[in-house]
Amino acid sequence: MSGQSHWRALLELTTPHRTRLSVMVGVLAIAGSLPLVGPLLIASFIDGAESGASRRFLLTVAGVYVGLGVMRQLMSIAVAWTATDLAWRVTNELRSTLTRHVLNLDLAFHRSTSPGELVSRVDGDVTALSDFVASFAVKAAAALVTLVGLVVVLLIRDWPVGLGLAAYLGIAIAAMFLVRDKAVDEAATEQAATGRLLGEVEERLTGADDLRSNGGGSHAVATFQRASAAVLASSLGREKQGVALWVFSNAVFVTGGLIALAVDVALLRRDAITLGTAYLIFQYTQILRAPLSALADETERVQRAAGGMVRTIQLLDEESSIRDDGTQRLPPGALALDIQGVTFTYADEEEPIAVIDDLSLQLEAGRSIGVLGRTGSGKTTLARLLLRLVDPTNGAITLGGIDLRNVPLEDLRKRSGVVSQDVHLFGATIRDNVTLFDESISDGRLRAAFAELDLVEWIDGMPDGLDTELGPAGSGLSAGEGQLIALTRLFLRSPDFVLLDEASSRIDPTTEQRVTRAIDRLVRGRTALVIAHRLSTVERLDEILVLDAGKVAERGRTADLRDDPTSRYAALLAVGSDVPLDEVVA
Ligand code: ATP
Ligand code: MG
C-alpha cells in the first residue's frame, strides 16, 4: 500500500458528505485565521501607544481583542461539532460496510481470522480513523491555515521577513513529515500485535473449560505472555517514534523563536520596523508552538489511523470464493435435492484430500433423509455444501432444479433453515433466543410453535417459562435443550429446505425424546437432511444415507434397510439405539 492511496481512500469516504465537508472547511478557515488577529491587534496597540494615538483608538483595539477571545472559543466549539459529526457519519458507514463484507467472506477466511481479531479490525481500526478525522486532521488543517496566514501577513508587512519565515517553515514541516512517515509502520505493527492478542484472549476464554480440564492452562498463559510481549515491544517502538517527533517539533519552535529575536534586534537597530512589528514577528513564531506541539502529541493518532486505514483496505480487498451472482429464484414449495458427482476438498489444508468424494444423491421434494457416518466422514461438510458456505470442487448441486450457484445467496438462505452442530445461544430470555429478538413475533405464535413441536411441557417446566433468562452465551441449558430452542427457531421461520446437524454430545433420555419428536414434526412436508449422531433420530425419517470417507456407503428407505439383515443400518440397530453413533460405528 503506497503512502498516499490510503489517505485518498479516506477522502473518498467523505464524498457523500460534500456539504458537511465544505461547512467544516469553512469553519476551519475562520478558526485557523483567528489566532493571527490577536497579535495584529496588540501590534497596532503598541504602535498606537508609542505614537500617541487617541485613548478612544486604544480602547477600541482592546475591546476588539476581548471580543476576539470569545469568538475563538465559539469557533473551537463549532470546529469540534462539525468535525465529530462528519467523522462519525463517515466511519459508521465504513463500519457497516466492513461488517457486511466480513460476514460475506467465506469459511476459509473465518477459519484463519479469530473473532477477537475481527473486532479489533472492524471496530478498533475504524475508531482510530474517526478519532483521527475528529481530532488530528482538524487541528492539522487549522494549523495549516494559521501557518499560511502568518506567512501572508508577514509578507505584507515586511516581505523579506515573510519570505525568510516561509522558507524556514517549509524546511521544518517537510522534515516533520519525513519523520512521521516512518512512524506509520510502527503503528501498523502495534495494531496487528494487539489484534493477535485479543484473538488469543478471546479464543482462550471461549475454551476456558476445556483448557482447564485438560491441563492446557500453562500453555495458554505462555502464549498469552508471548502475545503480550509482542504488543509491548511494538508499542515501545511506536512510543520512541512519538518522543523523537515531540523533541523535533520543540526544537523547531525554539530555533524559530531564536531566529525571530535575532532578526527583530537587527531590524530594530536599523529602525527598519516599528516596535509593534517586532512584537508581531516574535509572537508569530510563538503561535507555532501550540499547533506544532499539539500535532506532535497526537501523531500517535495519525499513526494509528494510517495503520488502521491500511488494514481496513486490506480487509476490504479480501474476496470471498463464494460468488453471489446468481439470478434464478428457487421455485415455491418443498424443494427437490439433486447432488451430482460432487467432490469437495478443503483448499486450505496442507495435504488436501477429498472430504466429499464423487457423491451423488437424489431426494424428492418433501422427503427426509437421515445421514449417518463416523466422525470425520464428511457430514458437516455436506451440510456446508448444501448451504453454499463452500462450493463443490467438482460436480453440481441443484435445489428445486436450479444449480445452487445460480441462486442468489439471499434467496437460498431465506428458503433453507439450519440447526448447526454447535447451536449458538445468547445471554437473553428463552423468548428472545427463539425469536432472535424479533419483537413482531407474538407470544401466542410462539406458544403455538412450542405446542406443534410438543414442547409446551418442557417450556412450562422452565423456572420462568418463556421469560427464563439464560446466562452468557446461553449457559444454563444443556446441549439437547439448546437444540430444542434452535428447532423452534427454525420452525417459526418455516423454511422449505431443512438441514439439521445434530450435536454429538450425549443428551439425557427425556430431552432426546423431545428432540426426536420435534425433529419429526419439523421435517414433515419439507425436504430435509438430518445429520444424526443417534439412531433414534433417524428412525422416523423416510430414508437413510450412510456416509463413509465422503462416499455413499449405503442408501435406502428406512423401513427397507431395517428389514434387510445385511444392511449396515440393521447392524447398527442390533447394537442398540441409545448409544451415540460414533461409538457404535467405530
Ligand atoms: P462429526 O461427526 O465429528 O461432526 P463430520 O462427519 O461432520 O464429523 P466434517 O466436519 O465434515 O466431519 O469433517 C470431515 C473432514 O474434513 C475431517 O477430516 C475434518 O478434519 C475436515 N474439515 C472439516 N472442516 C474443515 C475446514 N473448515 N477446513 C479444513 N478441513 C476441515
Ligand atoms: Mg459434523
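Nothing here was measured: the structure is a model prediction, and the numbers come from that model. As a basis for the values below, the full set of heavy atoms in this structure was taken, side chains included, without hydrogen atoms, waters or symmetry mates.
- Residues satisfying the ring-ring contact (aromatic ring centres under 6.0 Å, His included) criterion with Phe224, sequence neighbours excluded, are absent altogether.
- Between His424 and Phe426, the two ring planes are perpendicular [angle over 60°; tilted spans 30° to 60°].
- Looking at Arg95 and Thr127, their side chains do bring a donor and an acceptor atom within 3.5 Å of each other.
- Closest non-hydrogen pair, Arg413 versus Leu387, comes out as NH2-O, 2.9 Å.
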When the side chains of residues 53-70 are checked against the rest of the protein, which donor-acceptor pairs come out under 3.5 Å, sequence neighbours left out?
residue, atom, partner, partner atom, Å
Ser54, OG, Phe57, N, 3.1
Thr60, OG1, Arg56, O, 2.6

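- Partners of Arg489 by salt bridge (charged side-chain N to carboxylate O under 4.0 Å, His left out), not counting sequence neighbours: none found.
- Ser22 is linked by a side chain to side chain donor-acceptor pair (under 3.5 Å) to nothing, counting only residues two or more places apart in sequence or in another chain.
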Give the table of side-chain donor-acceptor pairs shorter than 3.5 Å for residues 161-174, with sequence neighbours excluded, one pair per line with atom names and distance.
residue, atom, partner, partner atom, Å
Tyr168, OH, Val252, O, 2.3
Tyr168, OH, Gly256, N, 3.1

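- With sequence neighbours excluded, the residues that form a side chain to side chain donor-acceptor pair (under 3.5 Å) with Glu93 are His17.
- Asp106 places a side-chain N or O within donor-acceptor distance of the main-chain N or O of Ser321, the cut-off being under 3.5 Å.
- Within the model, atoms CG of Asp432 and CD of Glu439 stand 7.5 Å from one another, a figure rounded to the nearest 0.5 Å.
- Shown here are the side chain to side chain donor-acceptor pair (under 3.5 Å) partners of Arg20, two or more places apart in sequence or in another chain: Asp85.
- Atom OG1 of Thr429 sits about 6.5 Å away from atom CG of Asp467, to the nearest 0.5 Å.
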Output a table of donor-acceptor pairs, distance under 3.5 Å, between side-chain atoms of residues 34-44 and any protein atom two or more places apart or on a different chain; print 'none' if there are none.
residue, atom, partner, partner atom, Å
Ser44, OG, Leu40, O, 3.4
Ser44, OG, Leu41, O, 2.9

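- Taking the salt bridge (charged side-chain N to carboxylate O under 4.0 Å, His left out) definition, one finds that Asp324 meets it with nothing, sequence neighbours left out.
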For residues 145-160, run the donor-acceptor check on the side chains, cut-off 3.5 Å, and write out each pair with its distance to 0.1 Å, sequence neighbours left out.
residue, atom, partner, partner atom, Å
Thr146, OG1, Gly32, O, 2.9
Thr146, OG1, Ala142, O, 2.8
Arg157, NH2, Thr277, OG1, 3.4

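- Every residue was checked against the side chain to side chain donor-acceptor pair (under 3.5 Å) condition with Arg226, not counting sequence neighbours, and none meets it.
- The side chain to side chain contact (heavy atoms under 4.5 Å, CB included) test applied to Asp325 returns Arg323, not counting sequence neighbours.
- A donor-acceptor pair is defined here as one N or O able to donate and one able to accept, closer than 3.5 Å; no such pair exists between the side chain of Thr91 and the backbone of Leu94.
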>> Walk me through whether Arg431 and Asp443 qualify under salt bridge (Lys or Arg N to Asp or Glu O under 4.0 Å).
In response: CA-CA 8 Å; Arg431 174 188 298 103; Asp443 275 9; 2.8 Å; yes

